[in-house]
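Values below: every heavy atom of this structure, side chains too, minus hydrogens, waters and symmetry copies. In what follows, every chain begins at residue 1, and chains take the letters A, B, ... in the order their sequences are listed.
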Protein chains: 2
Amino acid sequence: MTGAHREREESLDVIQRELTAFARRARATAARLHPDLPLVSYTLLAHIDYRQGCRATDLAAHYMLDKSTVSRQVAALEKLGLVERHPDPNDHRIQVLHPTASGTQALASTQASRRAAYRERLGSWTADDLAQFADYLLRYNSTGGGANNSTGDGTNAS
Amino acid sequence: MTGAHREREESLDVIQRELTAFARRARATAARLHPDLPLVSYTLLAHIDYRQGCRATDLAAHYMLDKSTVSRQVAALEKLGLVERHPDPNDHRIQVLHPTASGTQALASTQASRRAAYRERLGSWTADDLAQFADYLLRYNSTGGGANNSTGDGTNAS
DNA sequence: GCAATTAGATGTATTGTACAACGAGTGTGA
DNA sequence: TCACACTCGTTGTACAATACATCTAATTGC
């Protein structure tokens with residue numbers, strides 16, 4: 001079974017290498033896809049939209065960012081009129097974040113170009129492969145996620 | 001066939017979302033895996049090592065970075081004694097980059113902890129799934145890669 | 001030889017990020 | 001009811017990574 005073991009290791013190396021390459025390219029790619037939106041904030045906005053209403057802390061946990069980073073990004077998004085903060089009546093410390101109408105719209109138009117890029121890039125893939133790939137990514141992201149799996153982050157699993 | 005189309009779109013969305021989440025978490029993860037190494041430089045060093053000897057331009061193309069960024073990163077790596085620059089005798093503009101002994105060693109120890117993390121994270125996957133996932137990632141990265149597929153980058157495909 | 005090109009370096013500005021300290025709100029227990 | 005611990009978010013500060021523009025040196029094509 002030494003061969004099988006060896007193959008595992010090789011696969012792991014490839015995965016590691018390719019994921020790294022992807023991560024490093026991601027910024028450039030994102031910049032190309034939506035030069036308008038403050039670039040990082042887009043991701044946060046997307047997540048806020050995805051889970052209709054969430055707290056800054058949730059964002060920080062999900063993306064493994066510091067509270068301060070999120071705080072500033074959210075402030076930027078608010079300044080741009082893309083998100084609103086609604087104080088939680090039950091707990092006055094909490095601000096629930098929602099996309100504004102213009103936020104939703106900005107997101108939609110960006111999403112369109114993003115989708116187009118992905119569709120072009122993955123156009124030749126079969127539906128099965130896409131589903132399988134999506135599944136792998138979900139599985140990958142849902143495990144480990146990092147150190148703070150215990151923080152109750154785990155927002156990845158839809 | 002409307003259903004199938006719908007499923008495709010859903011897979012695309014998941015892929016997009018999960019890849020984004022991964023990319024955003026990558027920095028934090030990397031910081032955890034090797035707090036010592038200047039963090040980004042690690043990636044460059046790994047690539048330099050992977051392709052025994054390459055130019056700064058290759059790195060820039062592969063990771064979609066600006067020449068200036070790479071130039072500084074490489075300078076940092078050299079300062080740390082992790083890479084050496086050998087002027088190409090044929091073309092005097094070119095500097096071929098090589099890991100030094102200590103660079104190789106630093107990489108090895110880092111690689112070890114990285115491998116361990118991946119092995120733990122993906123430990124429950126079957127060899128087939130790993131191979132398949134690796135294959136998908138290779139396929140994904142080899143297409144589009146970005147705008148500059150034509151730059152002769154294409155170093156992704158092993 | 002001279003223009004166009006390429007490799008790399010440097011000046012400058014910006015963005016994303018973390019860490020630390022803080023302020024305000026909430027809950028608990030004596 | 002007050003003190004302590006905890007949580008959420010903000011602000012001060014510093015730094016890392018990055019891009020863009022510009023520059024020099026080397027190369028190639030004519």
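No side-chain N or O of A:Thr126 forms a donor-acceptor pair with one of A:Asp128 less than 3.5 Å apart. Between A:Glu7 and A:His5, the side chains place no donor N or O within less than 3.5 Å of an acceptor N or O (distance only, hydrogens not considered). Donor-acceptor pairing under 3.5 Å is lacking for the side chains of B:Ser109 and B:Arg114. For the residue pair B:Thr100 / B:Glu84, no side-chain donor-acceptor distance below 3.5 Å is found, with atom types taken as modelled. For the residue pair A:Tyr63/B:Arg25, the side-chain donor-acceptor check at 3.5 Å is not satisfied.
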Using a cutoff of under 3.5 Å, can you pull out all pairs of nitrogen or oxygen atoms linking the protein to nucleotides 14-16 of chain C, with atom names and distances?
from: C:dG16; atom 1: OP1; to: A:Pro38; atom 2: O; distance (Å): 2.7
from: C:dG16; atom 1: OP1; to: A:Val40; atom 2: N; distance (Å): 3.3

Counting primed atoms, P, OP1 and OP2 as sugar-phosphate and everything else as base, the B/S/- map of nucleotides 21-30 of chain D against protein heavy atoms under 4.0 Å is B----BS---
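In this structure, CZ of B:Arg32 is placed 13 Å from P of C:dA18, rounded to the nearest angstrom. We find that CZ of A:Arg55 is positioned 14 Å from C1' of C:dG25, with the value rounded to whole Å. Rounded to whole angstrom, the span from the CD1 atom of A:Ile94 across to the C1' atom of D:dC8 amounts to 7 Å. Spacing between atom NE2 of A:His86 and atom C1' of D:dC8 amounts to 18 Å, rounded to whole angstrom units.
Salt bridge status for A:Arg139 with B:Asp129: present, with a side-chain N to carboxylate O gap under 4.0 Å. Between B:Arg93 and B:Asp88, none of the side-chain N atoms (NZ, or NE/NH1/NH2) sits under 4.0 Å from a carboxylate O, so this pair counts as no salt bridge.
For the side chain to side chain contact (heavy atoms under 4.5 Å, CB included) with B:Ile15, the lone residue among A:Tyr118, A:Tyr136, A:Trp125 that qualifies is A:Tyr118.
Across all strands, B:Ser71 comes closer than 4.0 Å to base atoms (heavy-atom distances).
Between B:Arg85 and C:dA9, a side-chain N or O to OP1/OP2 separation shorter than 4.0 Å is present.
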